[in-house]
Structure formats: structure tokens, C-alpha cells
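Order of appearance sets the numbers: ligands from 1, and atoms from 1 within every ligand.
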Amino acid sequence: MIRLILAFILLTFAFPATAAPKPEPKRIALSFDDVPRQPGAFLAPDQRTQGILSGLAAARVRQAVFFVTTGNLDKPEGKGGEERIMMYSGAGHLVANHSHGHRRLSQISAEDYLEDVDRASEWLRNRPNGRPWFRFPFLDEGRADKAKRDAVRFGLAARGLANGYVTADGADWNMEALTIAARTAGKPMDMKALRELYVETMVGAANFYDGLARRTLGRSPAHMLLLHETDLAALFLPALVEALRKDGWEIITADEAYRDPIARASPDTPSAQGTRIEAMAWEKGLPAPRWYERENVKIANALFAKRVLGEEPAGP
Ligand SMILES: [Zn+2]
């Protein structure tokens, strides 16, 4: 009897019934769009590339993906762009297709769109660390035109190109634009507040979309965070990655992210646009909002004005 009681006590302590199951780890990869992107408010293009590369290395991010918009190479800001892109891939990161002209599918024909994709593929052919992934500019997959949506889906598949979708979006492009506008207007920026706002917004995006994904899929998928090749990334990547890890995120490779089963989904929604999680939630009938509130530029702009510029909101 005593033995039984002892065994019971031992078992109770070894497997306490109240112990919460270990939470599923949250996993996310990083992607950077519009490479080579227009200059930001703070850095020369070479400094920006150096900053992003040293930031990724300092944060021990093994493999991010850079989506190249080859038409940008013909613009003034594209000078030296090829060398900078090769520096990314030379450091072990991936390069993939973000079209040549960065057009909205909803605004041009499927034929013209695919021709534009092919121009970028031509440039990317045989580049080291290339991947056959296509990221839709503006995440515009044809919106309400289902025939066009399907024509491009078919065209991409025929070319062996997979959709380089995103699962989380914090509208970093807008924050970058706000810093450029502030610089142009000669407004001083609180750089510590800017770093905190950037980090908090991107971590918030990851968590918002993970919550939506869990409600949609019943699990946490491997995520792909949408970022752009910005000065903000060059300045704040180590802080962002540190905050993500502190919040329970594991940084994974882009290859691993796109091995998730959601990579094979083909969501059918009234309008094809946005993150893959938004589309899958919509398809499943989850109510709006299916997007992170700071993707609303009005909300994002007010936060920036208050916290980075120290401006009080305008009265009624
Ligand atoms: Zn883009």
C-alpha cells in the first residue's frame, strides 16, 4: 500500500495534471521586396545593403529572401544594384522574382503581366541562390477578376513559378515613406521612438496574423514576414529579431517557410489580394477584419506623428 501511495506521489510530481502543454513554437522567415529599392531617409544604397547584411548576420538569420524588381535596375537608384543583389545571394540569402515593372495585376492584362514576369525571370536565370518564387507586387493577385486571377495562376505554374506569398504584413513601406517625408520637410525624428515603433509594429503584425492563422487552420503555420529593402530594416533588424525571439518566435529559413502545406493552397475569395492568411480566413468565412490594424495608413500615420515626430493630433 505504501509503495502504491509513493508511486502515486511520484507520478503526480512527474506529470502534474495542471501543467500546460508546451506552446507550439511560432516560426517566421524574413523577406525583402522591391530590391533594389528607392533610397530611404538615412542611408546611401551601399550603406543600406551593408546594414541589412550585417543586421542579418548579427541576428544570426541564416537565410532570408530578397524579391527583385528588375525594372528598378534601370532607374537612377538601381545603379550598382546588380552588385548589391549579388552581395545578398553571396551571403547565403535567396533571390526571387518580384516582376520587372512592379505593376498591379488588376490594372493590366494577364498576357502583359506574364510577359513582365518573364523579363524578371530572364534577369534572374542562373543567379546563385535563386528560387522559382514569384511575389505579386502590391499583393494584387487580380482582385475581383477571377478569370484573370486563374490565367495568371496557370501561367505561373506553367513556368514552374510558385507564389511567393506572405503571411504577415506590417506595412513597413509606409513607415519608410513617412521617414522620407519627415526628412524632406526638415522635421527632426526621435530615432529611439522610431526603432521602437518599427519593432513593435512588425512583431504586432506577426502576432496578429498568427492568431488569425490559428483560428483559420487550427495551428500555427510557418510564417513569411513581408518587409521591404528599407533603411529601417538596415538600421533596426537586430532589434526586430531580438524582439521576435523574446516573444517566442523562432526565425526560420525562407526555404522552410515555403515547405508549409499552406504553400499549396489556392484560396478562392471574392477578391484575390493581401496575405495568404487573410485569403484563407476569408475563404473559410471568418469575419473581417482579417488584416492588421496598422496596415491602415491613417492609424499608422497618427502613431508615427505622435511618437516619432512628437506632434499632437490635430483638433476636430
Ligand atoms: Zn513590391
Go through the steps to decide whether Asp112 and Arg103 satisfy the test side-chain contact (heavy atoms from CB on, under 4.5 Å), and finish with yes or no. CA-CA 10 Å; Asp112 289 350; Arg103 313 281 304 276; 5.9 Å; no
With respect to the Zn ion (ligand 1), please indicate if Asp34 possesses an N, O or S atom at a distance under 2.8 Å. yes
The Zn ion (ligand 1) is nearest to which N, O or S atom of His102? NE2
Any salt bridge between Glu311 and Lys187, counting N to O under 4.0 Å? yes
Within His228, is some N, O or S atom less than 2.8 Å away from the Zn ion (ligand 1)? no
Lys/Arg N to Asp/Glu carboxylate O, Arg276 vs Glu141, below 4.0 Å: no
Strictly by modelled atom types, are His228 and Asp172 linked by a side-chain donor-acceptor pair under 3.5 Å? yes
